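Please read the structure below before turning to the comments.
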Amino acid sequence: MDDLLIRGGQVIDGTGAPGRDADVGVSDGRIVAVEPRSPRAARRVIDARGQAVAPGFIDIHTHSDFTLPLNPRAESKIRQGVTLEVVGNCGFSVAPALPGRAAMLREYLASSAPWLPFTETSFADYVAAFPATAVNVVLQVGHNTLRLMTAGMDNRALTAVELASMERLLAEALTAGAWGLSSGLFTAPGSYADAAEIHALARVLRRHGATYSSHMRDEADRVGEAVREAIAVAETTGVHVQIAHLKLSGVDNWGGAGRLLEDIAEARRRGVPVDCDAYPYDTASNPLRNLFPRWVMDGGIPAMLERLGRADVRARLRADIARGGLNNFGRIPSWDVVRVAVAPNLSDEAGRTFGDIARRRGVDPFDAVCDFVIADRGETRILVTSMSDKDVHAISGAPWVTVGSDANSLAVAGVTGQGKPHPRSYGTHARLLGPYVRDLKLLTLPEAVHKTTGAAAAALGLTDRGVLREGCWADVAVFDPDRIVDRATYDEPHRYAEGVSTVMVNGQVVVDGGDHTGALPGRVLRRGGR
Ligand SMILES: [Zn+2]
(Lines give C-alpha, C1' and ligand atoms only; values in the text may rest on other atoms or scores of the structure.)
Protein backbone atom coordinates (compact mmCIF):
# COMPACT_ATOMS: atom_id res chain seq x y z
CA MET A 1 0.00 0.00 0.00
CA ASP A 2 1.28 3.47 -0.92
CA ASP A 3 1.66 6.27 1.60
CA LEU A 4 -0.37 8.81 -0.33
CA LEU A 5 -2.46 9.27 -3.40
CA ILE A 6 -3.20 12.74 -4.77
CA ARG A 7 -6.41 12.14 -6.66
CA GLY A 8 -8.36 14.00 -9.30
CA GLY A 9 -6.07 16.96 -9.94
CA GLN A 10 -4.63 18.32 -13.13
CA VAL A 11 -0.99 17.30 -13.28
CA ILE A 12 1.37 19.97 -14.60
CA ASP A 13 4.51 17.89 -14.62
CA GLY A 14 7.21 20.56 -14.76
CA THR A 15 8.46 19.75 -18.27
CA GLY A 16 6.40 22.52 -19.83
CA ALA A 17 3.89 20.01 -21.23
CA PRO A 18 0.21 20.94 -20.94
CA GLY A 19 -1.71 19.81 -17.86
CA ARG A 20 -3.43 16.43 -17.88
CA ASP A 21 -5.84 14.68 -15.56
CA ALA A 22 -3.90 12.19 -13.46
CA ASP A 23 -3.46 10.85 -9.94
CA VAL A 24 -0.06 10.90 -8.22
CA GLY A 25 1.01 8.04 -5.97
CA VAL A 26 3.72 8.53 -3.33
CA SER A 27 5.59 5.91 -1.35
CA ASP A 28 8.81 6.02 0.72
CA GLY A 29 9.42 9.62 -0.25
CA ARG A 30 9.25 8.99 -3.99
CA ILE A 31 6.67 9.32 -6.72
CA VAL A 32 5.55 5.82 -7.65
CA ALA A 33 2.79 6.56 -10.16
CA VAL A 34 1.44 9.35 -12.34
CA GLU A 35 -1.60 7.90 -14.09
CA PRO A 36 -5.24 8.67 -14.81
CA ARG A 37 -7.77 7.14 -12.37
CA SER A 38 -5.06 5.23 -10.50
CA PRO A 39 -6.25 1.96 -8.95
CA ARG A 40 -3.48 2.06 -6.31
CA ALA A 41 -4.41 1.80 -2.67
CA ALA A 42 -2.94 4.38 -0.28
CA ARG A 43 -3.04 5.05 3.44
CA ARG A 44 -4.16 8.59 2.72
CA VAL A 45 -5.96 10.09 -0.26
CA ILE A 46 -5.75 13.83 -0.94
CA ASP A 47 -8.60 15.19 -3.02
CA ALA A 48 -7.12 17.57 -5.62
CA ARG A 49 -10.18 18.03 -7.79
CA GLY A 50 -10.22 21.50 -9.36
CA GLN A 51 -6.55 22.03 -8.50
CA ALA A 52 -3.20 21.82 -10.21
CA VAL A 53 -0.65 19.26 -9.03
CA ALA A 54 2.92 20.33 -9.79
CA PRO A 55 6.45 19.53 -8.69
CA GLY A 56 7.42 21.58 -5.63
CA PHE A 57 8.80 24.96 -6.66
CA ILE A 58 12.53 25.59 -6.68
CA ASP A 59 13.61 28.97 -5.35
CA ILE A 60 16.93 28.96 -7.16
CA HIS A 61 18.38 32.10 -5.61
CA THR A 62 17.76 32.86 -1.94
CA HIS A 63 19.46 34.01 1.22
CA SER A 64 17.55 31.75 3.60
CA ASP A 65 20.79 30.53 5.14
CA PHE A 66 20.40 33.77 7.15
CA THR A 67 16.99 32.75 8.53
CA LEU A 68 16.43 28.97 8.28
CA PRO A 69 18.26 28.41 11.58
CA LEU A 70 15.78 30.90 13.13
CA ASN A 71 12.74 29.83 11.09
CA PRO A 72 13.28 26.17 10.09
CA ARG A 73 9.60 25.92 9.12
CA ALA A 74 10.41 28.21 6.15
CA GLU A 75 6.91 29.62 6.39
CA SER A 76 6.94 32.38 3.77
CA LYS A 77 8.33 30.00 1.13
CA ILE A 78 6.65 26.67 1.81
CA ARG A 79 3.23 28.33 1.85
CA GLN A 80 3.87 29.34 -1.78
CA GLY A 81 4.69 25.74 -2.69
CA VAL A 82 8.48 26.16 -2.55
CA THR A 83 10.17 22.87 -1.61
CA LEU A 84 13.81 23.67 -2.37
CA GLU A 85 15.88 26.75 -1.62
CA VAL A 86 19.33 27.43 -3.03
CA VAL A 87 21.20 29.50 -0.43
CA GLY A 88 24.62 31.09 0.04
CA ASN A 89 24.14 33.53 -2.83
CA CYS A 90 25.63 36.82 -4.02
CA GLY A 91 29.03 35.88 -2.61
CA PHE A 92 27.67 35.68 0.93
CA SER A 93 27.85 32.55 3.05
CA VAL A 94 28.08 32.22 6.82
CA ALA A 95 30.80 29.59 6.48
CA PRO A 96 33.66 29.13 6.56
CA ALA A 97 34.37 31.49 9.46
CA LEU A 98 38.01 30.97 10.29
CA PRO A 99 39.43 31.41 13.80
CA GLY A 100 39.52 35.10 14.71
CA ARG A 101 37.37 36.14 11.73
CA ALA A 102 33.81 35.33 12.87
CA ALA A 103 33.23 38.83 14.26
CA MET A 104 34.37 40.37 10.98
CA LEU A 105 31.97 38.14 9.07
CA ARG A 106 29.12 39.03 11.44
CA GLU A 107 29.81 42.71 10.96
CA TYR A 108 30.01 42.26 7.19
CA LEU A 109 26.72 40.34 6.95
CA ALA A 110 24.76 42.22 9.65
CA SER A 111 22.79 44.19 7.06
CA SER A 112 21.57 40.90 5.59
CA ALA A 113 21.50 38.63 8.62
CA PRO A 114 20.92 40.93 11.60
CA TRP A 115 19.52 38.24 13.91
CA LEU A 116 21.76 35.31 13.10
CA PRO A 117 24.45 34.29 15.60
CA PHE A 118 27.88 33.84 14.01
CA THR A 119 30.49 31.38 15.24
CA GLU A 120 33.83 30.13 14.01
CA THR A 121 33.16 27.14 11.79
CA SER A 122 34.60 25.13 8.96
CA PHE A 123 32.25 24.50 6.05
CA ALA A 124 32.07 20.81 7.02
CA ASP A 125 30.98 21.65 10.57
CA TYR A 126 28.47 24.12 9.19
CA VAL A 127 26.91 21.46 6.96
CA ALA A 128 26.85 18.98 9.82
CA ALA A 129 25.13 21.49 12.12
CA PHE A 130 22.63 22.77 9.56
CA PRO A 131 19.16 22.40 11.13
CA ALA A 132 16.33 20.19 9.94
CA THR A 133 14.07 22.42 7.86
CA ALA A 134 10.72 22.22 6.07
CA VAL A 135 12.34 22.74 2.66
CA ASN A 136 15.26 21.02 0.98
CA VAL A 137 18.39 23.13 0.83
CA VAL A 138 21.25 23.49 -1.63
CA LEU A 139 24.23 25.22 0.00
CA GLN A 140 26.78 27.37 -1.79
CA VAL A 141 29.96 28.93 -0.47
CA GLY A 142 30.38 32.64 -1.07
CA HIS A 143 33.34 34.25 -2.83
CA ASN A 144 33.03 37.41 -0.74
CA THR A 145 33.16 35.29 2.40
CA LEU A 146 36.23 33.42 1.13
CA ARG A 147 37.94 36.70 0.26
CA LEU A 148 37.13 38.13 3.71
CA MET A 149 38.75 35.05 5.23
CA THR A 150 41.79 35.41 2.99
CA ALA A 151 42.48 39.12 2.54
CA GLY A 152 39.88 40.89 4.67
CA MET A 153 38.47 44.05 3.08
CA ASP A 154 41.72 44.94 1.32
CA ASN A 155 41.21 46.51 -2.08
CA ARG A 156 43.90 44.72 -4.04
CA ALA A 157 44.75 41.65 -6.08
CA LEU A 158 45.49 38.49 -4.11
CA THR A 159 49.03 37.18 -3.75
CA ALA A 160 49.72 33.71 -5.15
CA VAL A 161 49.72 32.34 -1.60
CA GLU A 162 46.35 33.93 -0.85
CA LEU A 163 44.81 32.62 -4.05
CA ALA A 164 46.07 29.13 -3.24
CA SER A 165 44.55 29.40 0.21
CA MET A 166 41.21 30.52 -1.25
CA GLU A 167 41.25 27.61 -3.70
CA ARG A 168 41.87 25.26 -0.79
CA LEU A 169 38.97 26.73 1.21
CA LEU A 170 36.73 26.37 -1.83
CA ALA A 171 37.75 22.74 -2.38
CA GLU A 172 37.12 22.01 1.32
CA ALA A 173 33.61 23.48 1.10
CA LEU A 174 32.83 21.53 -2.08
CA THR A 175 34.02 18.29 -0.51
CA ALA A 176 31.92 19.05 2.59
CA GLY A 177 28.70 19.47 0.61
CA ALA A 178 28.62 22.90 -1.02
CA TRP A 179 26.89 22.67 -4.40
CA GLY A 180 29.04 25.40 -5.85
CA LEU A 181 30.46 28.89 -5.48
CA SER A 182 28.51 32.14 -5.57
CA SER A 183 30.02 35.54 -6.24
CA GLY A 184 28.98 39.09 -5.49
CA LEU A 185 31.26 41.09 -7.75
CA PHE A 186 29.12 44.24 -7.32
CA THR A 187 30.36 44.94 -3.81
CA ALA A 188 33.48 44.74 -1.65
CA PRO A 189 35.45 42.60 -1.23
CA GLY A 190 34.23 40.50 -4.17
CA SER A 191 34.50 43.54 -6.43
CA TYR A 192 38.26 43.61 -5.82
CA ALA A 193 38.61 40.31 -7.71
CA ASP A 194 39.56 40.39 -11.38
CA ALA A 195 38.41 37.87 -13.98
CA ALA A 196 41.58 35.79 -13.52
CA GLU A 197 40.77 35.20 -9.84
CA ILE A 198 37.27 34.02 -10.72
CA HIS A 199 38.54 31.79 -13.51
CA ALA A 200 41.06 30.18 -11.14
CA LEU A 201 38.25 29.38 -8.71
CA ALA A 202 36.04 28.15 -11.56
CA ARG A 203 38.72 25.63 -12.46
CA VAL A 204 38.41 24.23 -8.92
CA LEU A 205 34.65 24.04 -9.47
CA ARG A 206 35.23 22.23 -12.73
CA ARG A 207 37.34 19.56 -11.02
CA HIS A 208 34.52 18.94 -8.52
CA GLY A 209 31.69 19.03 -11.07
CA ALA A 210 30.34 22.04 -9.17
CA THR A 211 28.50 25.16 -10.31
CA TYR A 212 28.99 28.94 -10.22
CA SER A 213 26.34 31.56 -9.62
CA SER A 214 27.00 35.25 -9.85
CA HIS A 215 25.52 38.51 -8.70
CA MET A 216 27.32 40.22 -11.53
CA ARG A 217 29.74 43.12 -11.36
CA ASP A 218 27.02 45.55 -12.36
CA GLU A 219 23.26 45.57 -12.94
CA ALA A 220 22.96 49.13 -14.18
CA ASP A 221 25.02 51.15 -16.68
CA ARG A 222 27.50 48.32 -17.35
CA VAL A 223 25.12 45.37 -17.15
CA GLY A 224 25.84 44.27 -20.72
CA GLU A 225 29.56 44.02 -19.96
CA ALA A 226 28.78 42.16 -16.73
CA VAL A 227 26.66 39.60 -18.57
CA ARG A 228 29.53 39.02 -21.00
CA GLU A 229 31.94 38.56 -18.07
CA ALA A 230 29.64 35.90 -16.57
CA ILE A 231 29.18 34.10 -19.88
CA ALA A 232 32.96 34.08 -20.39
CA VAL A 233 33.40 32.08 -17.17
CA ALA A 234 31.12 29.36 -18.56
CA GLU A 235 32.68 29.51 -21.99
CA THR A 236 36.29 29.42 -20.80
CA THR A 237 36.03 26.88 -17.99
CA GLY A 238 32.99 24.77 -18.95
CA VAL A 239 31.43 25.35 -15.52
CA HIS A 240 27.68 25.96 -15.41
CA VAL A 241 27.01 29.62 -14.70
CA GLN A 242 23.82 30.94 -13.11
CA ILE A 243 23.35 34.67 -13.63
CA ALA A 244 21.50 35.88 -10.55
CA HIS A 245 18.43 38.12 -10.49
CA LEU A 246 18.80 39.45 -14.02
CA LYS A 247 17.61 43.06 -14.20
CA LEU A 248 18.29 46.51 -15.57
CA SER A 249 18.58 49.05 -12.81
CA GLY A 250 18.73 52.80 -13.28
CA VAL A 251 16.47 54.92 -15.46
CA ASP A 252 19.12 55.24 -18.19
CA ASN A 253 19.05 51.47 -18.77
CA TRP A 254 15.32 50.88 -18.92
CA GLY A 255 14.05 49.15 -22.03
CA GLY A 256 17.16 46.99 -22.48
CA ALA A 257 15.69 43.64 -21.41
CA GLY A 258 15.29 42.25 -24.92
CA ARG A 259 18.94 42.84 -25.77
CA LEU A 260 20.17 41.33 -22.50
CA LEU A 261 18.00 38.24 -22.84
CA GLU A 262 19.14 37.80 -26.42
CA ASP A 263 22.83 37.90 -25.38
CA ILE A 264 22.24 35.06 -22.92
CA ALA A 265 19.97 33.11 -25.28
CA GLU A 266 22.58 33.40 -28.02
CA ALA A 267 25.26 31.92 -25.73
CA ARG A 268 22.88 29.08 -24.82
CA ARG A 269 22.33 28.36 -28.50
CA ARG A 270 26.09 28.04 -28.90
CA GLY A 271 26.02 25.41 -26.14
CA VAL A 272 27.47 27.59 -23.38
CA PRO A 273 26.16 26.26 -20.03
CA VAL A 274 24.53 29.43 -18.73
CA ASP A 275 21.18 30.11 -17.05
CA CYS A 276 19.68 33.10 -15.34
CA ASP A 277 16.97 33.79 -12.80
CA ALA A 278 14.76 36.70 -11.84
CA TYR A 279 12.09 37.80 -9.38
CA PRO A 280 8.84 39.41 -10.57
CA TYR A 281 9.20 42.84 -8.93
CA ASP A 282 10.45 46.26 -10.06
CA THR A 283 12.12 46.84 -6.69
CA ALA A 284 15.42 45.46 -5.42
CA SER A 285 16.74 45.11 -1.90
CA ASN A 286 20.28 45.58 -0.68
CA PRO A 287 22.37 46.85 2.20
CA LEU A 288 22.14 50.65 2.03
CA ARG A 289 25.91 51.04 2.09
CA ASN A 290 26.18 49.08 -1.18
CA LEU A 291 24.60 52.00 -3.05
CA PHE A 292 27.74 54.05 -2.48
CA PRO A 293 30.74 53.93 -4.83
CA ARG A 294 32.88 50.96 -3.90
CA TRP A 295 35.87 52.91 -2.56
CA VAL A 296 33.82 53.94 0.48
CA MET A 297 34.16 50.45 1.95
CA ASP A 298 37.92 50.08 1.44
CA GLY A 299 39.44 48.69 4.62
CA GLY A 300 36.15 47.61 6.14
CA ILE A 301 32.98 48.83 7.82
CA PRO A 302 34.53 50.83 10.69
CA ALA A 303 36.73 52.67 8.18
CA MET A 304 33.64 53.42 6.08
CA LEU A 305 31.69 54.77 9.07
CA GLU A 306 34.55 57.05 10.00
CA ARG A 307 34.87 58.31 6.42
CA LEU A 308 31.16 59.06 6.02
CA GLY A 309 31.32 61.62 8.82
CA ARG A 310 33.77 63.80 6.88
CA ALA A 311 32.57 66.70 4.73
CA ASP A 312 35.27 66.18 2.07
CA VAL A 313 34.30 62.51 1.68
CA ARG A 314 30.64 63.43 1.36
CA ALA A 315 31.45 66.00 -1.30
CA ARG A 316 33.41 63.42 -3.31
CA LEU A 317 30.64 60.85 -2.87
CA ARG A 318 28.00 63.31 -3.95
CA ALA A 319 29.98 64.17 -7.07
CA ASP A 320 30.61 60.48 -7.88
CA ILE A 321 26.91 59.66 -7.58
CA ALA A 322 25.88 62.72 -9.61
CA ARG A 323 28.23 61.60 -12.37
CA GLY A 324 27.87 57.80 -12.34
CA GLY A 325 24.67 57.06 -10.43
CA LEU A 326 24.46 54.63 -7.53
CA ASN A 327 26.72 51.60 -7.38
CA ASN A 328 24.91 48.69 -9.07
CA PHE A 329 21.67 50.71 -9.29
CA GLY A 330 22.51 53.57 -11.62
CA ARG A 331 20.59 56.80 -11.71
CA ILE A 332 17.37 57.01 -9.68
CA PRO A 333 14.77 59.79 -9.97
CA SER A 334 15.13 60.77 -6.29
CA TRP A 335 15.73 59.36 -2.82
CA ASP A 336 11.95 58.87 -2.58
CA VAL A 337 12.39 55.51 -4.37
CA VAL A 338 14.70 54.22 -1.62
CA ARG A 339 12.99 53.05 1.55
CA VAL A 340 14.21 51.48 4.75
CA ALA A 341 13.42 47.75 4.99
CA VAL A 342 15.22 46.74 8.16
CA ALA A 343 17.32 49.04 10.35
CA PRO A 344 18.49 46.97 13.32
CA ASN A 345 19.52 50.03 15.36
CA LEU A 346 16.76 52.40 14.14
CA SER A 347 13.84 50.01 13.87
CA ASP A 348 11.15 52.71 13.97
CA GLU A 349 12.32 53.97 10.58
CA ALA A 350 11.36 50.77 8.71
CA GLY A 351 9.03 51.60 5.82
CA ARG A 352 10.10 55.27 5.48
CA THR A 353 11.73 56.58 2.33
CA PHE A 354 14.85 58.73 2.47
CA GLY A 355 12.81 61.50 0.91
CA ASP A 356 10.50 61.36 3.96
CA ILE A 357 13.32 61.05 6.43
CA ALA A 358 15.14 64.06 4.96
CA ARG A 359 12.00 66.23 4.91
CA ARG A 360 11.18 65.35 8.51
CA ARG A 361 14.69 66.24 9.63
CA GLY A 362 14.90 69.29 7.39
CA VAL A 363 18.17 68.09 5.82
CA ASP A 364 19.38 67.28 2.34
CA PRO A 365 18.43 63.69 1.35
CA PHE A 366 22.01 62.64 0.64
CA ASP A 367 23.13 63.84 4.07
CA ALA A 368 20.17 62.01 5.59
CA VAL A 369 21.41 58.81 3.92
CA CYS A 370 24.99 59.25 5.17
CA ASP A 371 23.79 60.11 8.69
CA PHE A 372 21.55 57.04 8.63
CA VAL A 373 24.36 54.68 7.63
CA ILE A 374 26.47 55.99 10.52
CA ALA A 375 23.63 55.82 13.08
CA ASP A 376 22.67 52.29 12.04
CA ARG A 377 26.36 51.25 11.96
CA GLY A 378 26.19 50.23 8.30
CA GLU A 379 23.57 47.55 9.04
CA THR A 380 20.59 49.12 7.22
CA ARG A 381 18.82 47.15 4.52
CA ILE A 382 16.80 49.09 1.94
CA LEU A 383 14.39 48.64 -0.94
CA VAL A 384 15.08 50.54 -4.14
CA THR A 385 12.58 50.83 -6.96
CA SER A 386 15.10 50.84 -9.75
CA MET A 387 13.56 48.83 -12.62
CA SER A 388 10.86 49.34 -15.22
CA ASP A 389 7.78 47.12 -15.33
CA LYS A 390 8.35 46.50 -19.00
CA ASP A 391 11.79 44.99 -18.41
CA VAL A 392 10.59 43.02 -15.39
CA HIS A 393 7.73 41.56 -17.42
CA ALA A 394 10.02 40.72 -20.35
CA ILE A 395 12.54 38.93 -18.13
CA SER A 396 10.12 37.11 -15.82
CA GLY A 397 7.87 36.33 -18.78
CA ALA A 398 10.64 34.43 -20.61
CA PRO A 399 9.87 30.71 -20.30
CA TRP A 400 13.54 29.71 -19.94
CA VAL A 401 14.42 32.19 -17.16
CA THR A 402 14.31 30.44 -13.78
CA VAL A 403 12.84 31.94 -10.62
CA GLY A 404 14.77 33.17 -7.61
CA SER A 405 13.23 35.32 -4.91
CA ASP A 406 16.65 36.64 -3.76
CA ALA A 407 15.02 36.64 -0.32
CA ASN A 408 14.91 34.91 3.03
CA SER A 409 12.37 32.51 4.42
CA LEU A 410 10.42 34.58 6.93
CA ALA A 411 7.39 34.13 9.18
CA VAL A 412 4.71 36.59 10.21
CA ALA A 413 5.47 35.91 13.88
CA GLY A 414 8.78 35.58 15.67
CA VAL A 415 12.20 37.08 15.10
CA THR A 416 12.02 37.04 11.31
CA GLY A 417 8.68 38.90 11.28
CA GLN A 418 10.34 42.28 11.94
CA GLY A 419 10.69 45.38 9.78
CA LYS A 420 9.37 45.95 6.26
CA PRO A 421 11.35 43.49 4.16
CA HIS A 422 10.83 43.00 0.45
CA PRO A 423 7.48 41.26 -0.22
CA ARG A 424 9.28 38.84 -2.56
CA SER A 425 10.05 36.66 0.51
CA TYR A 426 6.36 35.86 0.70
CA GLY A 427 5.17 36.32 -2.86
CA THR A 428 7.63 35.56 -5.67
CA HIS A 429 6.31 32.19 -6.84
CA ALA A 430 2.65 32.90 -6.14
CA ARG A 431 2.89 36.18 -8.05
CA LEU A 432 4.38 34.44 -11.06
CA LEU A 433 1.88 31.53 -11.09
CA GLY A 434 -1.10 33.75 -10.29
CA PRO A 435 -1.12 37.37 -11.47
CA TYR A 436 1.63 36.95 -14.09
CA VAL A 437 -0.25 34.06 -15.73
CA ARG A 438 -3.87 35.00 -15.05
CA ASP A 439 -3.97 38.77 -15.21
CA LEU A 440 -0.91 39.86 -17.20
CA LYS A 441 -0.98 36.74 -19.42
CA LEU A 442 2.80 36.89 -19.81
CA LEU A 443 3.04 33.13 -20.06
CA THR A 444 0.95 29.97 -19.75
CA LEU A 445 0.60 28.08 -16.49
CA PRO A 446 2.65 25.07 -17.70
CA GLU A 447 5.39 27.51 -18.81
CA ALA A 448 5.35 29.28 -15.45
CA VAL A 449 5.50 25.96 -13.59
CA HIS A 450 8.35 24.77 -15.82
CA LYS A 451 10.41 27.91 -15.05
CA THR A 452 10.34 27.22 -11.34
CA THR A 453 10.57 23.41 -11.46
CA GLY A 454 11.97 21.52 -14.45
CA ALA A 455 14.06 24.39 -15.80
CA ALA A 456 15.47 25.13 -12.36
CA ALA A 457 16.32 21.48 -11.70
CA ALA A 458 18.10 21.31 -15.05
CA ALA A 459 20.07 24.47 -14.26
CA LEU A 460 21.17 22.92 -10.98
CA GLY A 461 21.96 19.56 -12.55
CA LEU A 462 19.30 17.82 -10.41
CA THR A 463 17.90 14.77 -12.18
CA ASP A 464 15.48 13.41 -9.58
CA ARG A 465 13.52 16.55 -8.69
CA GLY A 466 11.67 19.29 -10.56
CA VAL A 467 9.39 16.99 -12.55
CA LEU A 468 6.48 14.75 -11.57
CA ARG A 469 7.69 11.43 -12.82
CA GLU A 470 7.93 7.94 -11.38
CA GLY A 471 11.12 7.53 -9.38
CA CYS A 472 11.59 11.22 -8.60
CA TRP A 473 11.52 12.55 -5.06
CA ALA A 474 7.98 13.46 -4.02
CA ASP A 475 8.31 17.24 -3.75
CA VAL A 476 4.80 18.32 -4.72
CA ALA A 477 2.69 21.49 -4.66
CA VAL A 478 -1.10 21.39 -5.01
CA PHE A 479 -2.65 24.76 -5.77
CA ASP A 480 -5.71 26.41 -7.23
CA PRO A 481 -4.71 28.14 -10.50
CA ASP A 482 -7.68 30.51 -10.17
CA ARG A 483 -6.81 31.58 -6.63
CA ILE A 484 -3.05 31.45 -6.18
CA VAL A 485 -1.89 34.98 -5.36
CA ASP A 486 0.75 36.91 -3.47
CA ARG A 487 -0.66 39.11 -0.71
CA ALA A 488 2.52 40.71 0.58
CA THR A 489 2.97 44.40 -0.27
CA TYR A 490 5.69 46.96 0.38
CA ASP A 491 3.60 48.48 3.18
CA GLU A 492 2.42 45.12 4.56
CA PRO A 493 5.05 42.57 3.60
CA HIS A 494 4.40 40.01 6.30
CA ARG A 495 1.48 38.26 4.62
CA TYR A 496 1.43 34.70 3.36
CA ALA A 497 0.49 33.88 -0.21
CA GLU A 498 -2.86 32.18 -0.81
CA GLY A 499 -4.15 29.39 -3.00
CA VAL A 500 -1.70 26.60 -2.13
CA SER A 501 -3.45 23.77 -0.29
CA THR A 502 -0.93 20.93 -0.02
CA VAL A 503 2.85 20.93 -0.11
CA MET A 504 4.91 17.78 0.19
CA VAL A 505 8.67 17.57 0.71
CA ASN A 506 10.45 14.22 0.28
CA GLY A 507 7.02 12.55 0.48
CA GLN A 508 5.99 14.20 3.76
CA VAL A 509 3.12 16.65 3.99
CA VAL A 510 4.31 20.06 5.24
CA VAL A 511 1.33 22.18 4.19
CA ASP A 512 -2.01 20.47 4.71
CA GLY A 513 -5.27 22.23 3.93
CA GLY A 514 -3.29 25.50 3.67
CA ASP A 515 -1.73 25.15 7.14
CA HIS A 516 1.80 24.25 8.19
CA THR A 517 1.97 20.82 9.83
CA GLY A 518 5.25 21.56 11.61
CA ALA A 519 7.00 18.78 9.70
CA LEU A 520 10.67 19.37 8.87
CA PRO A 521 11.49 16.72 6.24
CA GLY A 522 13.90 18.88 4.22
CA ARG A 523 17.54 17.98 3.89
CA VAL A 524 20.76 19.41 2.57
CA LEU A 525 21.17 18.06 -0.97
CA ARG A 526 24.57 17.02 -2.21
CA ARG A 527 25.91 16.65 -5.70
CA GLY A 528 25.58 13.09 -6.93
CA GLY A 529 22.71 12.45 -4.51
CA ARG A 530 24.98 11.49 -1.64
ZN1 LIG B 1 22.41 39.41 -5.27
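Numbers for residues simply follow the sequence, beginning at 1. Just so you know, ligand 1 is whichever comes first in the structure, and atom 1 is the first atom listed for that ligand. The structure presented is a predicted model; accordingly, all values stated were derived computationally and were not measured.
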Report task. With the Zn ion (ligand 1) at the centre, find the angle made by SG from Cys90 and NE2 from His245, to 10°. Result -> 120°
Query raised in the report: Does Gln80 reach the main-chain N or O of Tyr426 with its side chain, forming a donor-acceptor pair under 3.5 Å?
Result: yes
Query raised in the report: So which of the N, O or S atoms of His215 lies nearest the Zn ion (ligand 1)?
Result: ND1
Query raised in the report: From His61, does some N, O or S atom reach closer than 2.8 Å to the Zn ion (ligand 1)?
Result: no
Query raised in the report: With a cut-off of under 6.0 Å to the ring centre and 45° to the axis, is Arg168 in cation-pi contact with Phe123?
Result: no
Query raised in the report: Is the Lys NZ or Arg CZ of Arg487 less than 6.0 Å from the centre of Tyr496's six-membered ring, within 45° of the axis?
Result: no
Query raised in the report: Which of parallel (below 30°), tilted (30 to 60°) and perpendicular (above 60°) describes Trp335 and Phe366?
Result: tilted
